[in-house]
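Worksheet for the structure shown next.
Here is the naming used below: chain letters follow the sequence lines, and residue numbers restart at 1 for every chain.
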Number of protein chains: 2
Amino acid sequence: MALKARVLYDFHSENPGEISVRENELVTVFSEEELEGWLEGKNSRGRLASSPRPTWRSSGTTSPPTRPITTRPITTASPRPNPLAIPHLPLLSPREEEGEGEEWATAAAVTLGTTPPLYPVTTSLPARRSSSQQQQAKSTATVGRNLNRFSTFVKSGGEAFLLGEANALVRDGDMMCVVMGKHGPEWQEDPYPFTCTIDDPTKQTKFKGMKSYMSYGLTPSHTNVQVNRRYKHFDWLYARLVERFPVISVPHLPEKQATGRFEEDFISKRRKGLMWWMNHMTSHPVLARCDSWKLGKRKAERDELVGANFFLTINPPDVPLDLQDVESKVEGFKTFTKRMDENIIVVNTTINEFGRKQMIGFKKEYQKVGQSFKVLAQAFEMDQQAYSVGLNKAIAYTGEAYETIGEYFADQPRHDLDPISDLLDIYKGHLANYPDIIDVQKGALTKVKDCPQQESDLHERCNIISCATLAEIQHFHRTRVRDFRLQMQHHLQQQISFFQKITAKLEDALHRYDEPIL
Amino acid sequence: MALKARVLYDFHSENPGEISVRENELVTVFSEEELEGWLEGKNSRGRLASSPRPTWRSSGTTSPPTRPITTRPITTASPRPNPLAIPHLPLLSPREEEGEGEEWATAAAVTLGTTPPLYPVTTSLPARRSSSQQQQAKSTATVGRNLNRFSTFVKSGGEAFLLGEANALVRDGDMMCVVMGKHGPEWQEDPYPFTCTIDDPTKQTKFKGMKSYMSYGLTPSHTNVQVNRRYKHFDWLYARLVERFPVISVPHLPEKQATGRFEEDFISKRRKGLMWWMNHMTSHPVLARCDSWKLGKRKAERDELVGANFFLTINPPDVPLDLQDVESKVEGFKTFTKRMDENIIVVNTTINEFGRKQMIGFKKEYQKVGQSFKVLAQAFEMDQQAYSVGLNKAIAYTGEAYETIGEYFADQPRHDLDPISDLLDIYKGHLANYPDIIDVQKGALTKVKDCPQQESDLHERCNIISCATLAEIQHFHRTRVRDFRLQMQHHLQQQISFFQKITAKLEDALHRYDEPIL
């Protein structure tokens, strides 16, 4: 499928099979199929065996607004950057949706399953201090760098921030306040809370039905305009957010699955997983405010506030925290998460097994009882005297009622056990995030412990990291209590409805015996 | 344990080791131990190596009323008669109960597990015809005897009656009417219906605790006086009734069990079995009217109306039945019983397995879920912030609720499955009776088919057997419809209560989550 595209940047070929292209030049791309970052196509001067690094913008065949396509040479070392095209189709923006889904489908697919790159913050803008920021962005001679470049503390930008290397333009609107609440530091509540529904996905096809994918209808409450998105869009965004927020527990997406993507159970489960994900996104004061996933326009200046620079946006309470208190709280939380992680595995295993038993064993037992009653009715039906007929029918009906109850049992787990399982899944993701978050906080604390009090900037920056961490822990507990309360209530309500439904069925059967003996 | 006894009848010794005794003579019995119908004892003239056939009546050591003891010589060929003593302690009579249980315990034990004797009717009274009896008691030259002396038709006395050999005094009060009802011949309803409750048995001991037995409190509604009886008393009576009524389906007693007689489950099951037995006894128009098990005085003249002579008591409807219609109905019933017998085995196996599953598997599953919720609560309890505590408690309570529901499941089968099983047991007994009953009727029909119409007595007697058989079949169906309707209703009501109990428990748990988040 040939596409017209406009080149975004100059590229000079260095090997046979590559061609040089210039900014704004119109080229033809033969296929969307991207091979290791290269596309096949031709420019006005001839054929491209593979397409070069610079980006081109498609035109002509695809209707406006145009969509940039990015390719990159095979020689690019990992971590390989995500296609730049994708930020232009934000998750919740309705503006660039029409006709765009297909073209960046393949490029976006590249990001599936890759670890998001965590690159050091570099910016062409000079370091500028926000009026609300107290710390100096300067390097401290007395505190050394961490030797382990693979520690989360280092990779996340925590160390860079602590050492005063974070350096970006932060506007007042970007600031995130940590306030001192009843139970310790808390994220200030989102002043513009919103929610987002995810409708049942529909199967979409492209290439005349050769390729299929599922598309979800997302409707955020603040726009009330539905946009259609695919799993990979969520996945791309997830990677962006993880990269951006070092001590925020970004909710994990429901698991990818290679096969059975169009099976009803899988689709339903994924949708529920995405709903939980969205719920945790919109109910998180920091994540909900993050423009990149909901505003839908590329604000390049915002992209700087990733990793180390994220900490520049945090406005801590006036009184700094007591380091020992922080350490003890974080240590306590570490134990908590470890225990919760272990115990929700027990719960998950148990309820999954319980669900399986209900769907197979319990159902079978009730149906066998139902069948045996029907068999009894069949024997009794051989006596067709007037006074027998009513009983025969009633027993046959009772048999059917038990078969129906068997079906109820088989159907029930998806109403009251699967939702718990979905809940546990989203928490499993959070619990997997916390060791890294705790690492960042502990890394900062360890560095500051060895550091004299006169390094007050360092202490202030450590306090910011601690405040963010404790606010995040508090948010975790708040959300946990909210979620588990609601989910247990839902579970019990469903169980109650279930047993009431069984009771009604049995009462129905019982009334069949009301007919008096003739 | 020596007992004084008064001899009831003269006995002349014929062998060494036997002694002659006279009516009213006082003798001493050395032991209750009866050996093949003989007791050891002595009279005023010397020692009895073994006691003779005549009966003596104990006196002195045992308080009044005195109890007759019967022995019989070893030489008596099988079928061996049951000890005559026992009819003097009828099942429902309160009069001879006190202090009598022990003395006839051993004698009665002889009847346990023995097939009731089916002996030809002989009587010293001349044949007397009741005014309501139309058939002549005479032998018929044209119809031969059945060569198979072991056929039920022969053993039950059916053949003897058909051949006009039945010969006994029948009073009007002994007559059982078969009336033509809406659905065919029926037993006329018992004009004095009564019921009988069986209370929880108590463990009794004798020989200073060396021997134990269970004693049931029986309270018939027509006397409202409780008497205490043991299983063997029922058993003896059962044997008497089977012997007495050739085409009546005498309900089987619950199974004997050698071990575990004092275990709660067994006692409870046996009591329920006895209650069903009693229910079927008192609701059967013929059995309920049978004096020997409820009046409690020995009416020797009634003893004659056993086997063949029973038919002398049956007063058929005015119009004789159509033989072909009878044959077809009996044939249909035969098929019915066969099918019902097969199918109740299916039901019984299924519900027993279902009960076992609930008591083990279902219980385990609910308890595992309960434990996993408790484990979750334990993890959550590590966070003791004010807003967490309510949830922690609620989840722990939910865990307990599930454990309790597990107990409910384990407890339930005895409320709603065991009663069905008990019902099926009593019907299994009836279904086992019917082949013999049908045999008697078919035997009569076969004989009469080959017989000229002029043998009108034979046809009349065959009609009596047919009327009794069809009345009994009708009674079976009526009772079956009544019993299964009630039992299915009971089952469903219990199931409904059970699920309502679960629902209430879950609602209770649900309310624990009402506490608002702080």
Side-chain angles (χ1 to χ4, degrees), chain A residues 182-183 332-333 335-336 339-340 342-344 346-347 349-351 353-354 357-358 361-362 365-366 368-369 371-373 375-376 378-380 382-383 385-388 390-391 394-395 398 477-478 480-482 484-485 488-489 491-493 495-496 499-500 502-503 506-507 509-510 513 517-518, chain B residues 182-183 332-333 335-336 339-340 342-344 346-347 349-351 353-354 357-358 361-362 365-366 368-369 371-373 375-376 378-380 382-383 385-388 390-391 394-395 398 477-478 480-482 484-485 488-489 491-493 495-496 499-500 502-503 506-507 509-510 513 517-518:
Chain A
K182 199 172 159 186
H183 305 283
F333 185 67
T335 315
F336 178 93
R339 184 73 170 274
M340 180 171 167
E342 288 163 4
N343 291 13
I344 65 175
V346 174
V347 178
T349 308
T350 306
I351 63 172
E353 179 63 13
F354 186 47
K357 284 272 166 66
Q358 285 187 61
F362 284 38
E365 287 306 315
Y366 279 92
K368 270 162 62 183
V369 172
Q371 281 152 18
S372 83
F373 284 153
V375 154
L376 182 66
Q378 280 161 19
F380 282 5
M382 298 185 72
D383 174 40
Q385 293 181 95
Y387 63 77
S388 299
L391 176 70
I395 295 178
T398 306
H477 279 312
R478 287 272 190 200
R480 173 182 63 80
V481 170
R482 177 200 69 178
F484 278 86
R485 181 188 299 274
M488 289 303 286
Q489 283 175 326
H491 170 77
L492 288 169
Q493 279 155 352
Q495 278 274 296
I496 288 166
F499 285 116
Q500 282 171 341
I502 292 177
T503 304
L506 292 169
E507 278 167 346
L510 179 60
Y513 294 84
I517 299 176
L518 297 178
Chain B
K182 198 171 160 186
H183 306 283
F333 186 68
T335 316
F336 178 93
R339 185 74 171 274
M340 179 170 170
E342 287 164 6
N343 292 13
I344 66 175
V346 174
V347 177
T349 308
T350 306
I351 63 172
E353 180 63 13
F354 185 49
K357 284 271 166 66
Q358 286 189 60
F362 284 39
E365 288 306 315
Y366 279 91
K368 271 162 64 183
V369 171
Q371 280 152 19
S372 82
F373 285 153
V375 155
L376 182 67
Q378 280 161 20
F380 283 6
M382 297 183 72
D383 175 40
Q385 294 181 96
Y387 63 76
S388 299
L391 176 69
I395 295 179
T398 307
H477 279 313
R478 287 271 188 200
R480 173 181 64 79
V481 169
R482 177 201 70 177
F484 279 84
R485 179 188 300 272
M488 290 301 286
Q489 282 175 326
H491 171 77
L492 288 169
Q493 280 155 351
Q495 278 273 296
I496 289 165
F499 285 116
Q500 282 171 340
I502 293 177
T503 304
L506 293 168
E507 277 169 346
L510 178 60
Y513 294 84
I517 299 176
L518 296 176

Under a 4.5 Å cutoff for heavy-atom pairs, which residue among [options] has the most contacts with chain A?
| options | answer |
| --- | --- |
| B:Leu391, B:Ile502, B:Asp383 | B:Asp383 |
| B:Gln493, B:Glu507, B:Met340, B:Glu365 | B:Glu365 |
| B:Phe484, B:Phe380, B:Phe499 | B:Phe380 |
| B:Gln371, B:Gln385, B:Gln500, B:His477 | B:His477 |

Among A:Leu376, A:Ile344, A:Thr349, A:Ile351, which residue has the highest count of heavy-atom pairs closer than 4.5 Å to chain B?
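Max contact count across the listed options: A:Leu376.
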
If you tally heavy-atom pairs under 4.5 Å against chain B, which of A:Glu342, A:Gln378, A:Lys368, A:Gln358 wins?
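Most pairs with chain B among the choices: A:Lys368.
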
Go through the structure and list residues passing ring-ring contact (aromatic ring centres under 6.0 Å, His included) with B:Phe362, not counting sequence neighbours.
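ring-ring contact (aromatic ring centres under 6.0 Å, His included) check on B:Phe362 returns A:Phe362, B:Phe409.
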
Please name all residues satisfying side chain to side chain donor-acceptor pair (under 3.5 Å) with A:Glu353, sequence neighbours left out, ordered by chain then number.
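Per chain and number, A:Glu353 pairs via side chain to side chain donor-acceptor pair (under 3.5 Å) with A:Arg356, A:Lys357.
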
If you take the centroid of each ring, where Trp contributes its six-membered ring, are A:Tyr513 and B:His491 closer together than 6.0 Å?
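Ring-ring flag for B:His491/A:Tyr513: false, centres at least 6.0 Å apart.
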
Minimum heavy-atom distance between [X] and [Y], given as atom pair plus value:
| X | Y | result |
| --- | --- | --- |
| A:Ile395 | B:Met488 | CG1-CG, 4.2 Å |
| B:Ser372 | A:Val347 | O-CG2, 3.3 Å |
| A:Asn343 | B:Ala379 | ND2-CB, 3.5 Å |
| B:Tyr387 | A:Arg485 | O-NH2, 4.2 Å |

Chain B heavy atoms under 4.5 Å from [X]: which part of the residue, side chain, backbone, both or neither?
| X | value |
| --- | --- |
| A:Ser388 | both |
| A:Ala509 | both |
| A:Ile496 | both |

